[in-house]
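First comes the structure, then the notes that go with it.
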Amino acid sequence: MDHGTHRTGTAHDHTGHHGSHTSGASWATAAKATLHCLTGCAIGEILGMVIGTALLWGNVQTMALAITLAFVFGYSFTLFAVRRTGLDLRGAVKVALAADTVSIAVMELVDNAIIALVPGAMDAHLSDGLFWSALLGGFVVAFLVTTPVNKWMIGRGKGHAVVHAYH
């Protein structure tokens with residue numbers, strides 16, 4: 001069995017590729033996993049902020065909805081991808097939880113901290129440049145912080161490494 005081949009199609013081969021190597025996962029693999037996660041998080045978070053703002057909710061309620069939807073959309077991207085491979089719903093949910101929980105949590109912690117720390121960003125409206133610059137800046141910082149986390153996890157057969165068995 002060639003453990004050096006990236007996509008051989010079996011979980012055993014792929015685990016061998018990412019699992020016990022001391023060099024770990026590549027930065028490209030980690031960046032791709034982080035970008036995948038960030039896409040779902042960003043969609044959920046922006047949608048939550050738009051809904052909370054439209055309903056005239058306060059910052060706490062809006063942020064809670066945005067974070068909840070970030071997790072929902074973050075998980076759903078992985079869930080739908082592994083379901084297409086034929087995995088049953090229960091198995092797909094387990095894979096999505098294992099693959100994305102740490103990544104989404106780190107991302108949400110970082111980008112929401114950035115928004116909270118930028119003066120005036122929490123009270124900015126959707127039409128304000130400050131809102132969008134703080135949000136996008138938070139996403140960039142979250143990507144930069146989460147990518148090494150994902151690299152470390154994938155290199156140990158955790159996080160997004162569990163999804164790669166289904167590609």
Side-chain angles (χ1 to χ4, degrees), residues 25 27-154 156 158-167:
W27 282 106
T29 299
K32 185 177 177 183
T34 305
L35 187 58
H36 174 268
C37 195
L38 179 63
T39 302
C41 288
I43 291 168
E45 197 162 318
I46 291 169
L47 183 60
M49 290 183 186
V50 168
I51 292 169
T53 300
L55 296 175
L56 302 175
W57 288 358
N59 288 337
V60 173
Q61 297 90 342
T62 299
M63 203 168 225
L65 177 62
I67 291 168
T68 299
L69 290 178
F71 273 90
V72 168
F73 278 85
Y75 287 138
S76 70
F77 277 32
T78 298
L79 183 69
F80 291 128
V82 296
R83 286 281 291 144
R84 282 194 305 259
T85 69
L87 191 61
D88 68 342
L89 182 60
R90 183 178 175 96
V93 167
K94 286 181 180 181
V95 168
L97 292 173
D100 295 330
T101 299
V102 172
S103 184
I104 295 171
V106 170
M107 204 165 291
E108 286 304 298
L109 178 68
V110 171
D111 79 61
N112 282 289
I114 298 290
I115 293 168
L117 293 173
V118 170
M122 291 292 290
D123 297 318
H125 295 279
L126 295 175
S127 60
D128 293 338
L130 177 61
F131 168 81
W132 292 103
S133 62
L135 182 64
L136 295 176
F139 288 152
V140 169
V141 174
F143 177 84
L144 294 173
V145 170
T146 308
T147 299
V149 172
N150 282 332
K151 182 180 186 310
W152 182 83
M153 289 178 58
I154 293 167
R156 281 149 188 79
K158 308 285 185 206
H160 263 263
V162 301
V163 173
H164 291 281
Y166 299 95
H167 287 279

| task | Check the pair Phe131 / Thr53 against side chain to side chain contact (heavy atoms under 4.5 Å, CB included), numbers first and verdict last. | result | CA-CA 12 Å; Phe131 168 81; Thr53 300; over 6 Å; no
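Ala31 meets the side chain to side chain contact (heavy atoms under 4.5 Å, CB included) test with Phe143, Thr147; sequence neighbours excluded. Checked against side chain to side chain contact (heavy atoms under 4.5 Å, CB included), Ser133 has the following partners two or more places apart in sequence or in another chain: Leu130. With sequence neighbours left out, the side chain to side chain donor-acceptor pair (under 3.5 Å) criterion links Asp128 to no other residue. Listed by chain and residue number, Ile51, Trp57 satisfy the side chain to side chain contact (heavy atoms under 4.5 Å, CB included) test with Leu55 (two or more places apart in sequence, or in another chain).
Pairing each heavy atom of Ala25 with each of Ile154, the nearest pair is CB-CG2, 3.4 Å. Contact between Leu65 and Gly52 at its shortest, heavy atoms only, is CD2-N, 4.2 Å.
Counting heavy atoms from C-beta outward, Met49 and Ile115 have side chains that approach closer than 4.5 Å. Proximity of Ile104 to Phe73: side-chain heavy atoms (C-beta onward) are nowhere separated by under 4.5 Å.
Interatomic distance, NE2 of His160 versus OG1 of Thr34, reported as 7.5 Å (0.5 Å rounding).
The stretch residues 35-51 participates, sequence neighbours left out, in no side chain to side chain donor-acceptor pair (under 3.5 Å) pair at all. Each side chain to side chain donor-acceptor pair (under 3.5 Å) pair with one or both residues in residues 101-116, not counting sequence neighbours, appears once here: Tyr75-Thr101, Ser103-Asn150, Glu108-Asn112.
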